[in-house]
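A quick write-up on the structure given underneath.
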Amino acid sequence: MTTKLAWPQIEPQLRQLRLSADDLKDRFPEEGDFMPRFADLADEILEAANDACIEDASVRITDMLIELGYVPDEHRQH
C-alpha cells in the first residue's frame, strides 16, 4: 500500500500545479487540449493526498480552473 501524503507535502505540489497550469494554458489554450493535460497532473496530486486533505486539494484545483477561465465561478466550493 502506498503511503498517502499530508497537507504539508500536498500544498507544494499544488503550488507547482498552478505554475504548470499557466504554462499549459500558454501552450494549449483550447479547453479540449488543456484539460486532459491538466487533469493528468491534478489526478496525480489527488491520488497522493490522504483522506484529511483530499477535499482541500480538490477545492484548490477547482479554484485554479476558475482562475484560468476554464470553469465558471459558480462552481467555487467555498
Side-chain angles (χ1 to χ4, degrees):
M1 186 168 119
T2 304
T3 302
K4 297 290 187 164
L5 302 177
W7 188 253
Q9 293 83 35
I10 292 297
E11 187 179 29
Q13 292 184 23
L14 289 167
R15 285 194 305 267
Q16 182 58 48
L17 176 62
R18 183 61 179 93
L19 295 174
S20 296
D22 287 332
D23 179 57
L24 285 174
K25 185 171 183 175
D26 288 343
R27 292 173 42 215
F28 307 101
E30 296 298 321
E31 184 174 351
D33 297 326
F34 170 87
M35 288 300 271
R37 290 167 172 88
F38 180 85
D40 287 343
L41 298 173
D43 286 348
E44 288 177 21
I45 295 170
L46 293 174
E47 288 172 12
N50 69 19
D51 290 343
C53 68
I54 194 164
E55 186 174 334
D56 289 335
S58 178
V59 167
R60 291 270 297 267
I61 290 167
T62 300
D63 286 349
M64 288 178 208
L65 292 171
I66 292 168
E67 292 167 9
L68 292 165
Y70 291 108
V71 171
D73 191 57
E74 60 262 14
H75 291 272
R76 197 170 299 274
Q77 300 174 30
H78 52 87

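I45 and Y70 fall within the same hydrophobic cluster, defined by Ile, Leu, Val, Met, Phe, Trp and Tyr side-chain heavy atoms under 4.5 Å apart, directly or through other members. V59 is not connected to L5 by any chain of hydrophobic side-chain contacts under 4.5 Å among Ile, Leu, Val, Met, Phe, Trp and Tyr, and they are in different clusters.
Taken from CZ in R15 to CD in Q13, the straight-line distance is 10.5 Å, to the nearest 0.5 Å.
Listed for the Q9 side chain is a donor-acceptor partner under 3.5 Å among the backbone atoms of A6. Judged by distance alone, the side chain of S58 and the main-chain N or O of I54 form no donor-acceptor pair under 3.5 Å. N50 places a side-chain N or O within 3.5 Å of a backbone atom of C53 that can act as its donor or acceptor partner.
Closest heavy-atom contact between L14 and M64: O-CE, 3.2 Å. Smallest separation of non-hydrogen atoms from P12 and P8: CD-O, 3.1 Å.
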Distance-only criterion, 3.5 Å: show the donor-acceptor pairs between side-chain atoms of residues 27-41 and protein atoms not counting sequence neighbours.
| residue | atom | partner | partner atom | Å |
| --- | --- | --- | --- | --- |
| R27 | NH1 | D23 | OD2 | 3.1 |
| R37 | NH1 | D33 | O | 2.7 |

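Ion pairing between a basic and an acidic side chain is recognised when a charged N comes within 4.0 Å of a carboxylate O; D63 and R76 show such pairing. The pair R60-D56 does not count as a salt bridge, with every side-chain nitrogen at least 4.0 angstrom from each carboxylate oxygen.
Using a 4.5 Å heavy-atom cutoff, the side chains of R18 and I61 are not in contact.
Annotation: E67, atom CD; neighbour count of heavy atoms from other residues, nucleotides and ligands within 6.0 Å is above 12.
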